[in-house]
Structures are given as C-alpha cells and as structure tokens.
Amino acid sequence: MEHSKLDVTHIVTSYLCHTCGACAAICPRNAVRYQENVGGYVVPKIDRKKCSACGLCYQVCPGRKLGKTLSDLIDRENPFVGKILSCEVGKATDKTIFKNGQSGGVLTALLTHLFVSGQIEAALIVTMPEAIPPRAKVIVATSPSDLTAAQKSKYSPVPMLQALRDLGRLKGRVAVVGSACRFHGLHNLLDMIPKLLHLPPIKLGLICDRVMTSAAIDFLGYKATKSTVNQLVWRDKRCSSYPGDPVIYTTQGNKILLKASQRMAIKDFFTPIRCRLCFDKLNIFADVVFGDPHGIKEIDRVGGETLVLARTKIGQELVNSAKDARAIILREISKESAVAGQSISQKRGEWINFIKAWQKMGYIAPDYSFPLYDLDYDCSSQRYHKLLQQGLALDKFVSRDELLYAANKWSLIQKIKRDLLKVTSFLRQHRR
C-alpha cells in the first residue's frame with residue numbers, strides 16, 4: 001500500500017513535534033516509536049512495515065494545530081493567561097514531601113491526597129531514573145509511594161502520552177501531570193478517541209517556558225566529570241537552597257554540584273525550535289497549574305513555595321479538598337502579581353517575534369486559532385532568527401561528541417560576553 005504523505009514524519013521535518021506522544025498513543029498498529037537523534041531531539045519514527053498510511057498520527061498532532069475542543073476552550077481575548085479562578089501560593093505540610101520538592105511540594109502533596117482519598121486510581125508522571133545516560137521516563141503511578149521519584153522538574157522531552165495506551169483498562173480516574181503541550185495532545189486524542197479513558201482525566205499542569213533537548217543532559221555531565229554519569233537532578237534545593245542547583249551523580253558514587261548559572265548558560269543552545277513557537281507558557285487548559293512563584297513578595301526564599309492557579313471548577317475543588325485535609329497550606333495572592341512574576345508580557349512579545357521570524361524563514365507555523373495581526377513584531381531584530389537557526393543547527397552535527405564540543409565553545413563565548421557587559425556596566429557607573 002502507498003503510504004500517505006500526511007503522517008507524523010511531516011511534523012518532524014517541519015520542526016513542529018512537541019514530543020508529546022499523542023501519535024504513538026493513537027496509532028492502531030503500534031507503528032510509531034520515538035528515537036533520540038544527535039541533536040538530542042526525541043522524535044517519532046514510523047515503522048513502514050507496520051504502517052497502514054491511515055494518517056491518524058498527523059491528524060492528532062498538537063504541534064501543527066489545536067483540535068476542536070481546544071479551539072472552543074481557548075480564551076481569545078487573553079490566550080496567554082487564560083482563565084484563573086483562584087491564585088494562591090504555599091507548600092506541602094508533609095516535611096519529607098516539602099524537602100524533596102523543587103519548590104513547595106504542593107503538586108506531590110495534592111497527588112498524594114488524591115490517592116489517599118480515593119479520587120484517582122493512577123497518575124501519569126515523569127521521572128528521571130538512574131540510567132546510562134540518564135533520561136526522562138514516563139511511569140504510571142498507582143500509589144503515593146511512586147510519587148517521590150517524580151518530584152522536581154525534568155526540563156527534558158519525553159513522549160508522555162504514549163503511556164495512555166496502557167490505561168484504557170482502568171475504571172477509576174487518572175491524573176495527568178504535564179506541561180501545556182502534553183495537554184494539547186491529550187485533548188486532541190480525546191477528540192478523536194472519546195473513550196480512550198473511562199473517566200475524564202484530571203489535568204495537573206506545570207508552568208513551562210521551555211525544555212532542552214536530551215543532549216543538554218550529556219553536556220552537563222561532560223562539564224562536570226570524566227566519569228560515567230548515571231543520574232541528573234536539574235534543580236535540587238537540598239544541596240544548596242531554593243531554587244536549587246543541578247547535581248550530577250556518577251557510577252562511582254560521586255555527587256557533583258554544579259552552579260545554576262551553568263544550566264542557564266546552555267538553555268538557548270539546546271532549546272528545541274517547537275518550544276520557541278509555543279504560546280502556552282502558563283498551561284491554560286489544565287485544571288490546576290503549579291510553578292515557581294517568581295516575583296511574588298514575602299515567600300520562603302530558602303525552602304521554596306509553590307504558585308497554584310486553579311483554572312476550572314474541578315481544579316478549584318481539588319485544591320480546596322487538599323487544603324481541608326491539611327495536605328497543603330496556601331494563601332491567596334493577586335492574579336496580577338502572579339502573571340507579572342511569570343513575565344508573560346515579555347514572553348508574549350518573544351513568541352510573536354519567533355513565529356514571524358520562523359515564517360519569514362519559509363517554515364510553517366502552528367495554527368493556534370487566534371489572530372496574530374494585533375500583536376507587536378520587531379522585524380528589525382535578528383536575535384530571533386539566530387536562535388531559531390541555532391535550533392536547526394542541532395540536527396547538523398555528525399556525532400554527539402562534535403555537538404558537545406560546539407556547545408562548550410558556545411557557552412564560553414556567552415560567558416565572555418556576559419563578563420564584558422559586567423565590566424562595561426562597572427566602568428559606566430564609576431565614570432558618573
């Protein structure tokens with residue numbers, strides 16, 4: 001049989017893949033597998049011997065467009081913020097959960113409460129287990145004891161939704177924990193397969209500016225040690241203080257603490273193009289959203305706290321249930337301060353510049369069902385074009401070693417530029 005041109009391969013070559021896993025979840029012949037390329041992109045690959053050219057993998061893909069449900073739900077007046085029913089900040093009451101959490105441990109405490117109270121049967125979560133090399137992995141948690149391994153951000157691509165293939169047998173409610181692109185794919189899946197899950201899932205969202213390709217994990221290990229790395233914690237407040245620094249573990253049992261600046265320094269080098277093109281930094285389709293309380297006054301700057309945005313009535317009820325059970329302690333804050341702390345106005349401007357630059361380069365932009373004409377575009381800036389070119393360049397290296405060498409050179413140049421700016425600023429102040 002002749003294979004359709006409109007399959008997920010077209011999404012990959014257009015750099016629109018979110019690595020969400022929706023295509024693997026919907027494939028009736030299990031013909032979609034994910035592979036990591038030299039640049040660290042984790043992308044679907046079709047087994048042509050199994051593929052029937054049905055085109056479902058293309059149709060479900062949220063990387064190219066939002067489905068009917070999402071198009072109906074989107075707040076066209078303010079798609080970058082969405083609806084917020086309540087806005088709070090706080091922490092888990094369980095000391096172990098709090099200390100092990102990236103910020104305030106509220107998400108894990110809420111999940112634990114949902115398991116204990118019988119409100120969910122399972123939760124789809126992402127972990128970073130020991131492995132050579134360490135990579136993010138999706139697991140189906142069935143009890144609170146499974147949740148500890150999923151604490152802290154992963155900042156890595158993982159085809160989470162492919163695990164939904166194994167959840168159809170469950171009769172109880174499932175909680176899905178993920179970034180916005182996972183929920184874009186989840187809704188598209190449910191549009192096409194309404195009976196994919198026995199009950200509507202609970203969507204516990206994460207605020208996400210971007211991830212980095214999986215090669216970033218290898219780069220941090222490369223910078224830290226010549227030994228074999230088998231585990232990475234992107235941010236661990238237990239080894240410093242909130243918000244935490246990266247920690248590398250080796251097979252010899254060594255623990256190496258890096259500086260947070262080393263993680264930040266490589267973000268632009270390893271950022272996938274699709275993250276540049278995503279508007280949904282605040283996870284507008286989730287029931288409840290969790291993140292760092294940037295810009296919020298009077299928070300715990302040592303132990304950390306969690307920003308909690310309830311977006312739906314269901315989400316609000318879940319949060320209130322956990323508060324009533326004393327699983328979490330939250331206090332109300334203003335929506336304006338929360339949104340301002342996430343720099344949404346700046347990210348909104350950057351998003352439209354990336355979209356326009358991408359189109360100017362001759363590539364297809366995702367269809368988000370709301371107009372772009374009323375958004376500002378700085379056509380004079382070359383920064384966006386250069387950063388998109390950097391994302392394209394990740395696919396041009398012939399080996400991972402060559403990529404790591406280039407990343408090291410790039411990070412050193414960035415450091416020199418930052419140091420020069422500091423010197424220039426210092427001289428200007430003293431001239432006054």
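None of the values given here were measured: they were computed from a predicted structure.
- Distance CG/Leu56 to SG/Cys23: 11.0 Å, rounded to 0.5 Å.
- Within the structure, the side-chain hydrogen bond (donor to acceptor under 3.5 Å, both in side chains) test picks out the following pairs touching residues 270-288 (sequence neighbours left out): His18-Arg274, His184-Asp280, Arg210-Thr271, Asp268-Arg276, Arg274-Tyr368, Asp287-Thr312.
- The main-chain N or O of Tyr58 is found under 3.5 Å from a side-chain atom of Arg64 such that the two form a donor-acceptor pair.
- For the atom pair CD of Gln151 and OG1 of Thr127, the computed distance is 12.5 Å after rounding to the nearest 0.5 Å.
- A donor-acceptor contact shorter than 3.5 Å links the side chain of Thr225 to the backbone of Ser227.
- The backbone N or O of Thr69 lies less than 3.5 Å from a partner atom in the side chain of Asp191, making a donor-acceptor pair.
- The shortest non-hydrogen separation linking Pro79 to Phe279 is O-CE1, 3.2 Å.
- Side-chain contact check for Thr306 and Ser103: at least one donor-acceptor pair (N or O, by modelled atom type) lies under 3.5 Å.
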TODO: Would you check, one step at a time, whether the test side chain to side chain contact (heavy atoms under 4.5 Å, CB included) holds for Ile273 with Leu392?
DONE: CA-CA 7 Å; Ile273 287 172; Leu392 290 170; 3.5 Å; yes

Open item on the list: Please determine whether side chain to side chain contact (heavy atoms under 4.5 Å, CB included) holds for the pair Arg238 and Val247, giving the CA-CA distance in whole Å, both sets of side-chain angles, and the decisive distance to 0.1 Å.
Closed with: CA-CA 10 Å; Arg238 297 171 302 180; Val247 183; over 6 Å; no

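- The closest donor-acceptor contact from the side chain of Asp245 to the backbone of Ala260 lies under 3.5 Å.
- Every residue was checked against the side chain to side chain donor-acceptor pair (under 3.5 Å) condition with His198, not counting sequence neighbours, and none meets it.
- Not counting sequence neighbours, the partners of Glu350 by the side chain to side chain donor-acceptor pair (under 3.5 Å) test are Gln346.
- Rounded to the nearest 0.5 angstrom, Thr112 OG1 and Ile328 CD1 are separated by 11.0 Å.
- A donor-acceptor contact shorter than 3.5 Å links the side chain of Ser411 to the backbone of Ala407.
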Task: Asn100 vs Lys152, side chain to side chain donor-acceptor pair (under 3.5 Å): CA-CA, chis, key distance, verdict - done: CA-CA 8 Å; Asn100 191 55; Lys152 306 180 185 68; 3.0 Å; yes

TODO: Mind running side chain to side chain donor-acceptor pair (under 3.5 Å) on Ser399 and Asp401 for me, showing each step along the way?
DONE: CA-CA 5 Å; Ser399 70; Asp401 286 341; 5.4 Å; no

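- Rounding to the nearest 0.5 Å places CD1 of Ile26 at 8.0 Å from SG of Cys54.
- Between the side chain of Gln102 and the backbone N or O of Ser153, at least one donor-acceptor pair lies under 3.5 Å.
- A donor-acceptor pair is defined here as one N or O able to donate and one able to accept, closer than 3.5 Å; no such pair exists between the side chain of Tyr34 and the backbone of Thr19.
- Without hydrogens or angle criteria, Arg263 side chain to Arg235 main chain gives no donor-acceptor distance under 3.5 Å.
- Between the side chain of Thr213 and the main chain of Gly39, a donor-acceptor pair closer than 3.5 Å is present.
- Ile84 approaches Cys87 most closely through the heavy-atom pair CG2-CB, 4.3 Å.
- A donor-acceptor pair under 3.5 Å is formed between the side chain of Ser337 and the backbone N or O of Ser334.
- To the nearest 0.5 angstrom, Ile299 atom CD1 is 5.0 Å from Tyr242 atom OH.
- Note on Arg311 versus Asp75: no salt bridge recorded, every NZ/NE/NH1/NH2 to OD/OE distance being 4.0 Å or above.
- In this structure, CZ on Arg400 lies 4.5 Å from CD on Glu36, to the nearest 0.5 angstrom.
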